[in-house]
Asks: 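I am attaching a structure below and will ask some questions about it afterwards.
If you're wondering where the values come from, they're calculated on a predicted model, not measured in any experiment.
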Amino acid sequence: GGVGAVPVREVRVSDPRLSIVIPAYNEADNIAACIQAVLASDEPGLPWQLLVIDDGSTDRTAEIAAGFVGRYPVRVVRLTRNFGKEAALLAGLATATGDAVVTIDADLQHPPAVILQMIEEWRRGFMVVDNSLTDSLYNSNRVLVSETVMMMKEHIADTYGPIRFT
């Protein structure tokens, strides 16, 4: 096991920022716990923002997430209807202002504790860091990776070389 990464270049950003994107659809029961878990995880050591992308929820997901805005570096983006997880992820990537972007699911399938390990790999110069193949990082036997993310990883691997697992 380990964190997979695509080596590309040395990171030379003078004031790097991190964006954490959480796509959410009808996650009223989970979104507060997810945001709190991210906030409670160790400080990533760089300025960061948390983007909750509400994918047209019909419950109170957006309102609950909005309760964190102003007190923390949290922003809520509401899509006009349910477009699907891939579209919500793309909306998050388009909205993110960070030099690095981490995506996590609102159901905490991948715990925020993994974020720090991913940031460390990014700082070592890896462009793409992936924990989806590492069951030891979280206690889950099922791994769901969106088709869009897989296509992006394939494109990056085709462009920059094979993904290396460290």
Side-chain angles (χ1 to χ4, degrees), residues 3-4 6 11 13 15-119 121-122 126-134 137-140 142-156:
V3 173
V6 176
V11 176
V13 180
D15 293 316
R17 291 179 42 90
L18 174 68
S19 295
I20 302 168
V21 175
I22 304 173
Y25 176 69
N26 288 341
E27 294 285 353
D29 292 341
N30 299 321
I31 197 65
C34 180
I35 294 170
Q36 289 167 343
V38 171
L39 295 172
S41 66
D42 291 334
E43 176 65 36
L46 61 150
W48 59 280
Q49 68 176 167
L50 178 66
L51 300 170
V52 176
I53 310 300
D54 180 66
D55 189 21
S57 296
T58 57
D59 63 5
R60 298 189 60 243
T61 299
E63 290 80 11
I64 293 168
F68 291 88
V69 174
R71 297 182 297 153
Y72 303 100
V74 175
R75 181 173 174 202
V76 178
V77 175
R78 295 185 78 172
L79 302 183
T80 57
R81 66 175 179 84
N82 178 240
F83 289 94
K85 181 178 177 179
E86 289 79 12
L89 283 170
L90 290 175
L93 293 173
T95 305
T97 60
D99 301 297
V101 179
V102 173
T103 63
I104 61 171
D105 291 343
D107 64 3
L108 293 173
Q109 177 181 335
H110 305 102
V114 176
I115 294 171
L116 293 176
Q117 185 177 2
M118 296 175 82
I119 291 169
E121 293 297 318
W122 175 69
F126 293 101
M127 183 176 181
V128 176
V129 180
D130 180 351
N131 77 328
S132 65
L133 301 177
T134 311
L137 293 178
Y138 53 90
N139 295 322
S140 173
R142 65 182 177 93
V143 177
L144 301 177
V145 179
S146 74
E147 290 179 29
T148 301
V149 172
M150 289 303 294
M151 287 188 312
M152 289 169 54
K153 285 170 32 178
E154 288 173 13
H155 171 73
I156 290 168

Asks: Specify the closest pair of heavy atoms between Gln49 and Thr97, including all atoms of both residues, with the distance to one decimal.
Replies: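 Smallest interatomic distance, heavy atoms only, reads OE1-N, 2.9 Å.
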Asks: Minimum heavy-atom separation for Cys34 to Ile104, with atom names?
Replies: SG-CD1, 4.1 Å
Asks: On a heavy-atom basis, which atom in Val101 and which in Ala96 lie closest, and how many Å separate them?
Replies: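 Smallest interatomic distance, heavy atoms only, reads CG2-CB, 3.9 Å.
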Asks: Under 3.5 Å, side chain of Asp105 to main-chain N/O of Asp107, donor-acceptor pair present?
Replies: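 Answer holds: no.
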Asks: Can you find a pair of side-chain heavy atoms, one from Ile53 and one from Val21, that are under 4.5 Å apart?
Replies: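 With C-beta onward as the side chain, the pair touches.
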Asks: At their closest point, which heavy atom of Ile64 faces which heavy atom of Ala32, and how far apart are they?
Replies: CG2-CB, 3.9 Å
Asks: Check Asp55 against Gly84 and note the closest heavy-atom contact, atom names and distance.
Replies: OD2-N, 2.8 Å
Asks: Once rounded to the nearest 0.5 Å, what's the spacing between atom OG of Ser57 and atom CG of Asn82?
Replies: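 Interatomic distance, Ser57 OG to Asn82 CG, rounded to 0.5 Å: 7.5 Å.
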Asks: Atom CD1 in Ile22, atom CD1 in Ile35: separation rounded to 0.5 Å?
Replies: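 That separation rounds to 5.5 Å.
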Asks: For the residue pair Gly92 and Leu51, what are the closest heavy atoms and their distance?
Replies: O-CD1, 3.8 Å
Asks: Under 3.5 Å, side chain of Thr61 to main-chain N/O of Glu27, donor-acceptor pair present?
Replies: yes
Asks: Any side-chain to backbone donor/acceptor pair from Asp59 onto Ala28? Under 3.5 Å, distance only.
Replies: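 Indeed, once roles are kept as given, a pair shorter than 3.5 Å links the two residues.
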Asks: Got a second to check how far Phe83's CZ is from Tyr25's OH, nearest 0.5 Å?
Replies: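 It is 12.0 Å, given to the nearest 0.5 Å.
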Asks: Mark yes or no for whether Asn26, through its side chain, and Thr58, through its backbone, hold a donor-acceptor pair below 3.5 Å.
Replies: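 At least one qualifying donor-acceptor pair exists.
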Asks: Start with the C-alpha distance between Asp54 and Ile31, add both sets of side-chain angles, then the distance that settles side chain to side chain contact (heavy atoms under 4.5 Å, CB included), and finish with yes or no.
Replies: CA-CA 10 Å; Asp54 180 66; Ile31 197 65; over 6 Å; no
